[in-house]
Participant: 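Submitted below is the structure of interest, expressed as structure tokens.
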There are 2 protein chains.
Amino acid sequence: MTRPTIHDVARAAGVSLSTVDRVLNDREGVRQATHIRVTQAMRDLGYERNIAAANLARRRQYRLCFILPGGPNSFMRGLEEELRARADAWEFTTLERRIVPPFDDAALVHALRGVDPAATDGVAVVATDSAMVRAAMAELRDRGVAVVTLVSDLPSSRRQHFVGIDNVQAGRTAASLLGRFCRGRPGRIVLVAGSMLVRDHAERRLGFEQVLRAEFPDQSILPPLEGLDDQDIVAAHLGRTLADHPDIVGIYSLGAGTRGVARALSRPAAPRPAVVVHELTPHSRKALLDGSFDAVIHQDPVREVQATVLVLRSLIDGAAIDPEAARIGIEVFLRDNLP
Amino acid sequence: MTRPTIHDVARAAGVSLSTVDRVLNDREGVRQATHIRVTQAMRDLGYERNIAAANLARRRQYRLCFILPGGPNSFMRGLEEELRARADAWEFTTLERRIVPPFDDAALVHALRGVDPAATDGVAVVATDSAMVRAAMAELRDRGVAVVTLVSDLPSSRRQHFVGIDNVQAGRTAASLLGRFCRGRPGRIVLVAGSMLVRDHAERRLGFEQVLRAEFPDQSILPPLEGLDDQDIVAAHLGRTLADHPDIVGIYSLGAGTRGVARALSRPAAPRPAVVVHELTPHSRKALLDGSFDAVIHQDPVREVQATVLVLRSLIDGAAIDPEAARIGIEVFLRDNLP
DNA sequence: GTGAAAGCGCTAACAA
DNA sequence: TTGTTAGCGCTTTCAC
């Protein structure tokens, strides 16, 4: 009636607990014949290992460290908040977090070097792209620490996995929405980026242009504005651009600084341009509700933390990574499907 | 260094393990003064209870039973598959599933009556709306079984929770998309439902009409087609309707039978109507990719199972339900953000 | 009211 | 190559 345990398996196979344990964990020192007997007994009884009990006995602790950029970026603050809130909610896992100055390679390298391999099993890092960073990551790997990138990837590094959305796809999705929202209104579309030096922004732009060019030939794209994720700069640049080009029918904001977009739009133009932005924050949510934005493309920080923990634990255990559990979807929010 | 355990708390408070346990679990038989001493010690040490160990010692088993409608409905089959696949992946939890004939109150009641309260702690049921079903659910509750509805709710019953999307919002979202996709093309929109007798379909229609009427006055809505979630019926009805009304610019399919929509559209009209359907299946996915559908509104069966298990366990433990963990979001898929 | 001791299912020395 | 034994952190008799 109750689930069989290693005791039952041991009895059925006529061996001791330790032998069952050896078979279970693929440890050596078991004769072929015994191995088969035990395996057979497991199969017969439908034995299913209790992982919680195993971890308890092992006193397993996955010691993970998240390295995130600081600054006003709402999305990063959301990630940080989630880490803080759920720090104690994971079984057998401790979550440490380090905040480093944003867009600062040297600081990131410093943080990576500051990770103690003796007290850390895995690291998740929002990477900035540089050779120094790559080297520091490689160093950690050499010292036996599992390393994954988070949100922004660094493909040619020795990171073992990337947890985050596909940014080219995100850009394509944005174009697909914005193009349809503007259909019947030929005109220009303006892109607001943080900086084209950041990998994810560059990828989003790429995807956006692919789809817009191919499928919405009535719309043309202005050269991207670089707002450095700063709402004041964004508001100023975008305001000027809107004034200069009365034929702007759409805006795609692919970085942070979304509040600046909302401000630039506060002076009503008729008809107001269609707007698609990234990341659901209190501000983008408000803009969606009051009708000044049309869609928000989002990645869920809660899921991102969850997937990262899962991936790191698998990596540490040398287990296979469940691709479904590790995938971060690109979410689309309109006014009516807001969470 | 290592996390404090009840041993540490006991030592610090100068009491035994049992007393700490009594305080921890709010059992009676502890003097006020002792209680305070123990609580203080926990606070001082930053004690955090190890739930896995507790469940192990308790030999806790959450025995859950899912009751789902059979038939060709892709979404239900997805749920069933997920249940099968992850039946053994939950700690301390056994998942049983029963498939009943669809849209059959009597069969559902029979299944509910067939649940053994002595061997089942919680039930999740895709409800159909009837007094008999309500009564059977109440009976289960009286026998101490936790009951939640899944996907399709039964609000005035004694179910303790509903796990699924807000269907009014889903309809609003569909209208919001379809309206914008058709903008600049005044005309008619046709609704394809399974049956208006099913609660979720009725709710989706309601939400759709709310938004379309208020925000897209250029589009008018034809009376809904009832396709009984059967692709042949849907294909026939919709084909005829499209032929009769050359001014149809949009289609919203709010039930199953999506394949029928694709078939009806296979004879090309120019420009083809904008199409929004429900549930991501291999067929709707294909239609999205080949450009015959514009958007799919989806609820994730994986998440649905997960949330249901979490909710039922909380209910059984008498614990609070985390609203975030229990929420099922309305997902929007376009060609480019397909998972 | 409180405590001692056995045990949940599994692992990890250490013997044999 | 195999078995014995003492835990992991918590719960649960049963005694005091």
Participant: Would you kindly give the CG-to-P distance between B:L56 and C:dC10, to the nearest whole Å?
Facilitator: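 Computing the B:L56:CG to C:dC10:P distance gives 9 Å.
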Participant: For the side chain of A:A57, starting at C-beta, report the closest nucleotide among D:dT11, C:dG3, C:dC10.
Facilitator: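 For A:A57, the side-chain atoms sit closest to C:dC10.
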Participant: At 4.0 Å (heavy atoms only), tell me whether A:N25 reaches a base, stays on the sugar-phosphate, or touches nothing.
Facilitator: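 Answer is sugar-phosphate: A:N25 comes under 4.0 Å of backbone atoms only.
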Participant: Contact class for B:I51 (heavy atom, under 4.0 Å): base, sugar-phosphate, or nothing?
Facilitator: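 No contact.
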Participant: On the nucleotide C:dT2, are OP1 or OP2 found under 4.0 Å from the side-chain N or O atoms that B:T34 carries?
Facilitator: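 Checking C:dT2 against B:T34, a side-chain N or O does come within under 4.0 Å of OP1 or OP2.
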Participant: In whole Å, what is the span from the CG atom of A:D26 to the P atom of C:dT11?
Facilitator: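 Taking atom P of C:dT11 as the reference, CG of A:D26 is at 12 Å.
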Participant: Could you tell me how far apart A:F92 (CZ) and C:dG9 (P) are, to the nearest whole angstrom?
Facilitator: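 Distance check: A:F92 CZ to C:dG9 P gives 15 Å.
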Participant: Thinking salt bridges, do B:R49 and A:D88 make one under a 4.0 Å N-O criterion?
Facilitator: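 Looking at B:R49 and A:D88, the cut-off is not met.
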Participant: May I ask you to decide whether B:D121 forms a salt bridge with B:R313, counting only side-chain N to carboxylate O separations under 4.0 Å?
Facilitator: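 Looking at B:R313 together with B:D121, the answer is no, because their closest N to O distance does not fall below 4.0 Å.
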Participant: Would you mind checking if A:E82 and A:R84 are paired as a salt bridge, meaning a charged N to carboxylate O distance below 4.0 Å?
Facilitator: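 Salt bridge: no.
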Participant: Pick base, sugar-phosphate or nothing for B:V15, based on heavy-atom distances below 4.0 Å to the nucleic acid.
Facilitator: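 If one applies the 4.0 Å heavy-atom cut-off, B:V15 turns out to touch the sugar-phosphate alone, with no base involved.
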Participant: Can you measure B:R59 atom CZ to C:dG7 atom P for me and round it to whole angstrom units?
Facilitator: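 Rounding to the nearest Å, CZ of B:R59 and P of C:dG7 are 11 Å apart.
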Participant: Looking only at the side chain of A:H7 (C-beta and beyond, no hydrogens), which of the listed nucleotides C:dT2, D:dG3, C:dC10 gets closest?
Facilitator: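 Taking heavy atoms from C-beta onward, the closest nucleotide is C:dC10.
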Participant: Taking only the side-chain nitrogens and oxygens of B:T19, find out if one of them lies under 4.0 Å from OP1 or OP2 of C:dG3.
Facilitator: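 Affirmative; the distance criterion is met.
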Participant: Name the closest nucleotide to the B:R31 side chain, picking from C:dG9, C:dG1, D:dT12.
Facilitator: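 Shortest atom-to-atom distance from the side chain points to C:dG1.
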Participant: Assign A:R22 to base, sugar-phosphate, or nothing according to its heavy-atom contacts below 4.0 angstrom with the strands shown.
Facilitator: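 Since a base atom lies under 4.0 Å of A:R22, the category is base.
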Participant: For the pair B:D8 and B:R3, find out whether any cationic side-chain nitrogen is under 4.0 Å from an anionic carboxylate oxygen.
Facilitator: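 So B:D8 does not pair with B:R3 through a salt bridge.
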Participant: For A:V148, is there any backbone N or O sitting under 3.5 Å from a side-chain donor or acceptor partner on A:H161?
Facilitator: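 Such a contact is absent between A:H161 side chain and A:V148 backbone.
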Participant: Output the rounded distance in Å from CZ (A:R11) to C1' (C:dG9).
Facilitator: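 In whole Å, C:dG9 C1' and A:R11 CZ are 13 Å from each other.
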Participant: Return no unless some side-chain N or O of B:R49 is found under 4.0 Å from OP1 or OP2 of D:dT11.
Facilitator: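 Yes, such a contact exists.
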Participant: Looking only at side-chain atoms of A:I6, point me to the closest of D:dT4, D:dT12, C:dC10.
Facilitator: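 Closest nucleotide among those given: C:dC10.
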Participant: With the side chain of B:R58 defined as its heavy atoms from C-beta on, choose the nearest nucleotide among C:dG9, D:dT12, D:dC10.
Facilitator: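 It is D:dT12.
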Participant: Please state how far atom NE2 in A:H35 lies from atom C1' in D:dT2, giving the value in whole angstrom units.
Facilitator: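 Roughly 14 Å, once rounded to whole Å.
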Participant: Using atom CD of A:Q61 as one end and atom C1' of D:dC8 as the other, report the distance to the nearest whole Å.
Facilitator: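 Those two atoms, CD and C1', are 12 Å apart.
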Participant: Under 4.0 Å from OP1 or OP2 of C:dG3: is there any side-chain N or O of B:S16 that close?
Facilitator: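 For C:dG3, OP1/OP2 do have a side-chain N/O of B:S16 under 4.0 Å.
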Participant: How long is the line joining CG of B:L17 and P of D:dT13, in whole Å?
Facilitator: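 The answer, rounded to whole Å, is 16 Å.
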Participant: Return the nearest nucleotide to the side chain of B:Y47; candidates are D:dT2, C:dC8, D:dC10.
Facilitator: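 Out of D:dT2, C:dC8, D:dC10, the nucleotide with an atom closest to B:Y47's side chain is D:dC10.
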Participant: Where the side chain of A:A54 is defined as all heavy atoms beyond and including C-beta, which of C:dT11, C:dC8, D:dG9 is the nearest nucleotide?
Facilitator: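 Within the option list, the nearest is C:dT11.
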Participant: Please work out if A:R27 contacts a base, only the sugar-phosphate, or nothing of the nucleic acid, heavy-atom cut-off 4.0 Å.
Facilitator: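 Result for A:R27 = sugar-phosphate.
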Participant: So if I take every side-chain heavy atom of B:N50 and compare against D:dG9, C:dC10, D:dT2, which nucleotide ends up nearest?
Facilitator: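 Taking heavy atoms from C-beta onward, the closest nucleotide is D:dG9.
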Participant: Determine whether a donor-acceptor pair (N or O, by modelled atom type, separation under 3.5 Å) exists between the side chain of B:N55 and the backbone of B:A52.
Facilitator: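 No, the answer is negative, given that no donor and acceptor are paired below the 3.5 Å cut-off.
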Participant: Heavy atoms from C-beta onward define the side chain here; which of C:dA12, D:dG9, D:dT12 lies closest to that of A:D21?
Facilitator: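 The answer is C:dA12, which lies nearest to the side chain.
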Participant: Do NZ/NE/NH1/NH2 and the carboxylate oxygens of A:R113 and A:E139 come within less than 4.0 Å?
Facilitator: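 So A:R113 pairs with A:E139 through a salt bridge.
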Participant: Ignoring hydrogens and geometry beyond distance, is the side chain of A:S18 in donor-acceptor contact with the base of D:dG3 at under 3.5 Å?
Facilitator: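 Indeed there is one.
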